[in-house]
Amino acid sequence: MATLPQQMTIIDHGAGGGPEVLVPAAAPLPVAKPDEVLIRVMATGVNRPDVQQRSGNYPPPPGASPIMGLECSGEVVAIGTDVARYKLGDRVCALTNGGAYAEYCTAPEAQTLPWPDGYDAIRAAALPETYFTVWANMFGHGDLQAGETLLVHGGTSGIGVTAIQLAKAFGARVFATAGSEDKVAACLRFGADAAINYKTHDFAEEVRRLTDKNGVDVILDMVGGAYFQRNLRSLAWDGRLVLIAFLGGFEVEKADLRPIMLKRLTVTGSTMRPRTTMQKGKLAAALEAKVWPMLAKGAVGPEIFRVFPLAEAAAAHRLMESSEHIGKIMLKVAD
């Protein structure tokens, strides 16, 4: 293994602001803690929390890297004293605690997984953030079971594509919402049983029609306040609403809460970043056992929309904010 440099290139977001604040800068290499690996980053994904952090609305938790980036793939180039599984040269992908918009990044061993068979750096880096999030929320908090029906909002986002594919792979019926006819068609291509253009149809009325007025069992929602009442209307008895983002606002000015009691509904949600390493490690172990074989067989997998060089992170963020993408936006860091 070659001697590591003392400095690396990162993407700095300064004091925050629009995409234009993202610029390459120099920073010292991070040092792996006893339970961490140091990864020479080959690729990293662009995610909505990155946009929020850049804008100043999603500060990293105490002890986390101030550098943006929540997932990466690459090569292990150093290991902490307590690391047992990985060795130098191993190719891994990781759910990081920040720091992935850089040439080198640390990640806890428990949050690090091998590349699925047949994967390259771009596809491997597209996995952690969406797969950890969907697994924890759709199957964990939402308790989606085979034979049940899922409604996923934002069906062509990285989260949406993953949710559609995994729900179908584990035996659920899936509906999705999207904002154009092209995106509706993409949802169907990813495996959705039905897709609803929310700009031309009331999704609650469509769910009512598609389910013979019964409603869906689980809703995975990244919109929030703007959809809250219609989500309650769309749920079946004992249905579960799982909130994972608030693209449509986090406040509900007026809501009829009676459906929660009358239909025994559960309203829940979570964020990934504040979870402990142990909690994320349990998610990683479940994914490796139950999903990684599916990835290797091609039964499920990420949809890559566009790849930018690391230095063009600002352009990647502009694309993310335009919502014109279908699937994942990626940054290539190195070969």
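No experiment lies behind these values; they were computed from the predicted model shown.
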First locate atom [atom1] of [X], then atom [atom2] of [Y], and finally report the distance between them rounded to the nearest 0.5 Å.
X	Y	atom1	atom2	result
Ile329	Arg318	CD1	CZ	12.5 Å
Asp182	Thr156	CG	OG1	10.0 Å
Asn137	Phe132	CG	CZ	13.0 Å
Lys183	Thr177	NZ	OG1	10.5 Å
Leu29	Glu103	CG	CD	8.5 Å
Thr149	Asp193	OG1	CG	8.0 Å

*Please step through side chain to side chain contact (heavy atoms under 4.5 Å, CB included) for the pair Lys263 and Asp238, ending with a clear verdict.*
CA-CA 6 Å; Lys263 294 195 289 183; Asp238 297 305; over 6 Å; no
_Working for side-chain hydrogen bond (donor to acceptor under 3.5 Å, both in side chains), residues Arg275 and Ser270_ = CA-CA 9 Å; Arg275 294 175 192 248; Ser270 75; 2.8 Å; yes
Would the number of heavy atoms belonging to other residues, nucleotides or ligands and lying under 6.0 Å from [atom1] of [X] be above 12?
X	atom1	answer
Glu251	CD	no
Asp256	CG	yes
Lys33	NZ	no
Arg230	CZ	yes

Hey, is the main chain of [Y] close enough, under 3.5 Å, to the side chain of [X] for a donor-acceptor pair?
X	Y	value
Glu75	Arg40	no
Thr133	Thr130	no
Thr9	Pro24	no
Ser73	Ala121	yes
Asp202	Ala204	yes
Glu109	Ala84	yes
Thr44	Glu71	yes
Gln111	Pro108	no
Gln165	Phe190	no
Ser322	Glu324	yes

Quick one: do [X] and [Y] end up in the same hydrophobic cluster if we chain Ile, Leu, Val, Met, Phe, Trp and Tyr together by side-chain heavy atoms under 4.5 Å apart?
X	Y	value
Leu70	Leu331	no
Val207	Trp237	no
Ile164	Val291	yes
Leu232	Phe203	yes
Tyr198	Leu241	yes

*Run the side chain to side chain contact (heavy atoms under 4.5 Å, CB included) check on Met68 and Leu22 step by step: do they pass?*
CA-CA 10 Å; Met68 292 189 306; Leu22 299 178; 3.2 Å; yes
*Step by step, work out the side chain to side chain contact (heavy atoms under 4.5 Å, CB included) result for Val218 and Gln145.*
CA-CA 9 Å; Val218 178; Gln145 301 293 317; over 6 Å; no
Taking the side chain as C-beta and beyond, is there a heavy-atom pair between [X] and [Y] under 4.5 Å?
X	Y	value
Leu295	Val300	yes
Tyr86	Pro114	yes
Tyr101	Val46	yes
Pro30	Met8	yes
Thr268	Arg240	no
Leu287	Trp292	yes
Pro274	Pro61	no
Lys328	Asn47	yes

Where [X] and [Y] come nearest, the two heavy atoms and their spacing:
X	Y	value
Arg48	Ser323	NH2-OG, 2.9 Å
Gln229	Lys254	OE1-O, 4.3 Å
Phe308	Ala315	CE2-CB, 3.7 Å
Asp335	Lys332	OD1-NZ, 2.9 Å
Ala102	Val333	O-CG1, 3.7 Å
Ile39	Ala94	CD1-CB, 4.0 Å

*Checking side-chain contact (heavy atoms from CB on, under 4.5 Å) against Asp221, which of Phe228, Tyr227, Phe246 comes through?*
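The option that passes is Tyr227.
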Looking at [Y] and [X], is any side-chain nitrogen of the basic one under 4.0 Å from a carboxylate oxygen of the acidic one?
X	Y	result
Glu312	Arg306	no
Asp217	Arg173	no
Glu206	Arg209	yes
Asp120	Arg123	no

*Could you please spell out the steps behind the side chain to side chain contact (heavy atoms under 4.5 Å, CB included) verdict for Gln53 and Arg273?*
CA-CA 12 Å; Gln53 182 174 342; Arg273 203 169 188 183; 3.2 Å; yes
*Taking it one step at a time, do Glu205 and Arg233 satisfy salt bridge (Lys or Arg N to Asp or Glu O under 4.0 Å)?*
CA-CA 9 Å; Glu205 291 301 318; Arg233 285 171 48 202; 2.8 Å; yes
*asked:* Can you confirm if the aromatic rings of Phe170 and Trp135 lie within a centre distance of less than 6.0 Å?
replied: yes
